[in-house]
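Single-structure report; data block below.
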Amino acid sequence: MSGSETGAARPAITSQGAARPAINSRLENLRNLVPAERLGKVAEAVALGDGELEALGRGGLPLALANGMIENVIGTFELPLGIATNFTINGRDYLIPMAVEEPSVVAAASYMARIARAHGGFQTSSSAPIMRAQVQVLDVADPHGARARVLKDQDAIIAAANARDKVLISLGGGCRGIEVHVFDRTPVGPMLAVHLIVDVRDAMGANTVNTMAETVAPIIERITGGVVRLRILSNYADLRLARAAVTVPPEALKTEDYAGERIARGIVEACAFAIVDPYRAATHNKGIMNGIDPIVVATGNDWRAIEAGAHVWAARSGRYTALSNWEIDGKGHLVGTLEMPMALGLVGGATKTHPAARAALKILGVQSAQELAEVAVAVGLAQNMAALRALATEGIQKGHMALHARNIAIVAGAAGDEIETVAGALAADHDVRVDRAKEMLEALRGGKG
Ligand SMILES: CC(C)(COP(=O)([O-])OP(=O)([O-])OC[C@H]1O[C@@H](n2cnc3c(N)ncnc32)[C@H](O)[C@@H]1OP(=O)([O-])[O-])[C@@H](O)C(=O)NCCC(=O)NCCSC(=O)C[C@@](C)(O)CC(=O)[O-]
Ligand SMILES: NC(=O)C1=CN([C@@H]2O[C@H](COP(=O)(O)OP(=O)(O)OC[C@H]3O[C@@H](n4cnc5c(N)ncnc54)[C@H](OP(=O)(O)O)[C@@H]3O)[C@@H](O)[C@H]2O)C=CC1
């Protein structure tokens, strides 16, 4: 990992998280219950209140609220919300709410978390929640001279930016500094990008920094003698990094068919493929985002922003590559690491307006946006580990298609108890196809009739 320069700013997750009583994320047999029973178990584990239970039980978002969130609302669109179990992060157990349409994602994360928890779980860290806003300046005669003038007057710009958001300042956030990037040649002539470097505390921060950028634009025009056009945050949140690491001995990975050393080596080899080949890296990173996006969605955060930040970070060297690293340490243990931008909020956006998002945050029990970011990358790393383990051994279809079989059964027309019966038969036959499911369904119904 390369982010140690910002690591010093990280407040200890354990001290921030201390407000929530410890839970046990193992929740054995959750998979064998029906949804209402699962909700009961989770509610008991994290002490959900009536409001949260109601929000999760009834689907989360009343139409009247939805109508206030976006434009031209005609209804709501639901996704399954699953709970990944077994997570231990920095010595603390977490239940992970995941809103996602893809089968096997929740199971895969829970599986790797189960392996990791016996070996200390995931270790995480993060930098302070610092975002950048950009102010684009055109028509500057002397861009380098203008840069020098902006930096000389940066205290006045910072003061003007901070005058706009008293709440943020009272919480210890605010504009911390200025950077000026000069582009000598662009299709429209020389250009400056003045960056406001802002600590947004527990917000994702887009609106916060956009307001600041618009506020300081006239001052920047005056100082540079240029014309300001764009005033907007950058989704390349390279100053807001979260990191996760996991170490497991090879014997923890072994299965009936594969030795642990073979699996660990296979994971390292799979990662090497993604490091050198962008075609593979895109899929490798999609697997990481399989873990992260469902948390982003469940907590009402902006997943487009997280995706944008992830992929520009993956290409920061000029070549798109793997976000994670897998290696074998001196003791022969498998070591996985992931570091990436993670601009998540506990306030702002839909985090407070969406009742199910509030319930998801309660389930997570996180005390700060930084803690949420660290949990998200830990789950991303677990998901990556699960996919690479499967790919390097039996292949993805065995586990994934067995769980996807339920979707196929539904597409074929199965309902109620038929879904599990047809899905089980499809998986047992290793032939997960809709036409096959239809045949099975006909036979099942014919048998009953
Ligand atoms: C799917 C598994 C976990 C099965 O694996 P398995 O060996 O059949 O699982 P198991 O039945 O032995 O159970 C092991 C643990 O997994 C969990 N688990 C297992 N099943 C369930 C379930 N039904 N409901 C809830 N949890 C489940 C659960 O934690 C369980 O422990 P337990 O608590 O029972 O002691 C495994 O095959 C796997 O991890 N596969 C990888 C799946 C994956 O990566 N899916 C993502 C979609 S594919 C994709 O989009 C990404 C990709 C692959 O392209 C990325 C890339 O290329 O890098
Ligand atoms: N390119 C992009 O990614 C863009 C994204 N967006 C959208 O912007 C939204 C996120 O913006 P964001 O600024 O986070 O949201 P908000 O403006 O809704 O919330 C941030 C505000 O909440 C208040 N606040 C209260 N408690 C805290 C706390 N503990 N820490 C920090 N702030 C606190 C602050 O001041 P106060 O109370 O004074 O408001 C702060 O300005 C998302 O919906 C996103 O989709 C918008 C434009 C572009």
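Whatever order the structure lists ligands and atoms in, that order sets their numbers, starting from 1.
- The structure places CD of E394 at 8.5 Å from CD1 of I263, a figure rounded to the nearest 0.5 Å.
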Set out, in order, the CA-CA distance, both residues' side-chain angles and the distance that settles side chain to side chain contact (heavy atoms under 4.5 Å, CB included) for L346 and T351, then state yes or no. CA-CA 6 Å; L346 293 186; T351 55; 5.9 Å; no
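- Protein residues with a heavy atom under 4.0 Å from ligand 2 are D165, V167, L168, L171, V200, R201, D202, A203, M204, G205, A206, N207, T208, N210, L233, N235, D302, A305, V347, G348, G349.
- Sparse packing is recorded around CZ of R164, with 12 or fewer heavy atoms of other residues, nucleotides or ligands lying under 6.0 Å away.
- Salt-bridge check for E307 with K286: failed, with every basic side-chain N at 4.0 Å or more from each acidic carboxylate O.
- Comment: D429 engages R436 in a salt bridge, judged by a side-chain N to carboxylate O separation of less than 4.0 angstrom.
- Atoms CE and CG, on M131 and D238 in that order, are 10.0 Å from each other to the nearest 0.5 Å.
- Contact of the R265 side chain with the P250 side chain is not registered, since no non-hydrogen atoms from C-beta on lie closer than 4.5 Å.
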task: Starting from the C-alpha separation in whole Å, work towards a yes-or-no answer on side chain to side chain contact (heavy atoms under 4.5 Å, CB included) for R316 and Y236.
output: CA-CA 10 Å; R316 68 193 182 283; Y236 185 6; 3.3 Å; yes
Present, as a list of atom pairs with distances to 0.1 Å, all nitrogen or oxygen contacts under 3.5 Å between ligand 1 and the protein.
unit_1: ligand 1; atom_1: 11 (O); unit_2: R31; atom_2: NH1; d: 3.3
unit_1: ligand 1; atom_1: 11 (O); unit_2: R31; atom_2: NH2; d: 3.3
unit_1: ligand 1; atom_1: 13 (O); unit_2: R31; atom_2: NH1; d: 3.3
unit_1: ligand 1; atom_1: 20 (N); unit_2: R31; atom_2: NH2; d: 3.3
unit_1: ligand 1; atom_1: 31 (O); unit_2: R114; atom_2: NH1; d: 2.9
unit_1: ligand 1; atom_1: 33 (O); unit_2: R26; atom_2: NH1; d: 3.1
unit_1: ligand 1; atom_1: 34 (O); unit_2: R31; atom_2: NH1; d: 3.0
unit_1: ligand 1; atom_1: 35 (O); unit_2: R26; atom_2: NH2; d: 2.9
unit_1: ligand 1; atom_1: 35 (O); unit_2: R114; atom_2: NH1; d: 2.8
unit_1: ligand 1; atom_1: 45 (N); unit_2: S104; atom_2: OG; d: 2.7
unit_1: ligand 1; atom_1: 50 (O); unit_2: E102; atom_2: OE2; d: 3.0
unit_1: ligand 1; atom_1: 50 (O); unit_2: K286; atom_2: NZ; d: 2.7
unit_1: ligand 1; atom_1: 50 (O); unit_2: N290; atom_2: ND2; d: 3.1
unit_1: ligand 1; atom_1: 57 (O); unit_2: R280; atom_2: NH1; d: 2.8
unit_1: ligand 1; atom_1: 57 (O); unit_2: R280; atom_2: NH2; d: 3.3
unit_1: ligand 1; atom_1: 58 (O); unit_2: R280; atom_2: NH2; d: 2.7

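- By the 4.5 Å heavy-atom criterion applied to side chains, N290 and V100 are not counted as neighbours.
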